[in-house]
Amino acid sequence: MPWKECSVMDERLQFVARRLAGEPMGGTLQGVRNLPQNGLQDFDRYQACGVQGLTDRSRRPYRYAHQLPFQVENFILNVKPRAHQLGCP
């Protein structure tokens with residue numbers, strides 16, 4: 001049996017189309033490699049943003065827990081060279 005070639009975007013579009021046609025959630029997920037929570041999330045994104053909402057999103061975090069605020073980082077970088085000139089370690 002040959003492999004079924006289908007991209008993630010195609011599967012998301014197929015899921016949304018079947019869901020818009022009125023199929024129940026259980027029937028819509030059959031044959032699509034998708035979990036129910038992912039299906040609901042995809043459908044919500046489609047309703048909010050249209051087809052653009054179904055594209056992959058970056059997994060990069062919005063902020064880093066241990067990163068200093070921009071102003072504090074600049075202050076430290078500006079003070080450090082002056083401290084070195086004064087003979088501080």
Side-chain angles (χ1 to χ4, degrees):
M1 176 183 265
W3 289 94
K4 176 185 166 190
E5 289 188 33
C6 190
S7 71
V8 176
M9 185 68 173
D10 291 340
E11 288 186 358
R12 289 177 183 156
L13 285 171
Q14 181 184 17
F15 168 77
V16 169
R18 290 172 67 184
R19 188 79 175 112
L20 289 173
E23 279 192 48
M25 188 68 164
T28 335
L29 289 172
Q30 246 176 356
V32 179
R33 300 174 310 203
N34 210 348
L35 298 173
Q37 63 266 24
N38 293 349
L40 286 173
Q41 187 178 39
D42 290 342
F43 191 67
D44 290 342
R45 283 187 193 162
Y46 174 78
Q47 288 182 324
C49 304
V51 177
Q52 188 69 24
L54 297 177
T55 58
D56 285 335
R57 294 185 172 189
S58 173
R59 290 178 170 82
R60 182 179 177 217
Y62 292 113
R63 64 179 189 86
Y64 296 96
H66 301 292
Q67 186 175 10
L68 292 173
F70 177 73
Q71 296 85 0
V72 175
E73 184 178 345
N74 279 339
F75 177 76
I76 292 171
L77 292 175
N78 289 331
V79 170
K80 190 174 181 177
R82 283 189 269 146
H84 183 64
Q85 290 172 355
L86 296 174
C88 299

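Throughout, residue positions are numbered sequentially from 1 according to the sequence presented. Heavy atoms only: backbone and side chains are in, while hydrogens, waters and symmetry mates are out.
Among residues two or more places apart in sequence or in another chain, the side chain to side chain contact (heavy atoms under 4.5 Å, CB included) test is passed with Tyr64 by Arg60, Pro61, Gln67. Listed by chain and number, the residues in a side chain to side chain contact (heavy atoms under 4.5 Å, CB included) with Gln47 are Phe43, Asp44 (sequence neighbours excluded).
The CG atom of Asp56 sits 4.5 Å away from the CZ atom of Arg12 when rounded to the nearest 0.5 Å. In this structure, Gln71 CD and Ile76 CD1 are separated by 12.0 Å, a value rounded to the nearest 0.5 Å.
Considering every non-hydrogen atom in both Met9 and Leu54, the closest pair reads SD-O, 3.6 Å.
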Next on the checklist: Please evaluate residues Val16 and Arg45 with respect to the criterion side chain to side chain contact (heavy atoms under 4.5 Å, CB included), reporting the C-alpha separation (whole Å), side-chain torsions for both, the decisive distance (0.1 Å), and the verdict.
Outcome noted: CA-CA 10 Å; Val16 169; Arg45 283 187 193 162; over 6 Å; no

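Listed by first then second residue, pairs satisfying salt bridge (charged side-chain N to carboxylate O under 4.0 Å, His left out) with a partner in residues 46-55 number zero, not counting sequence neighbours.
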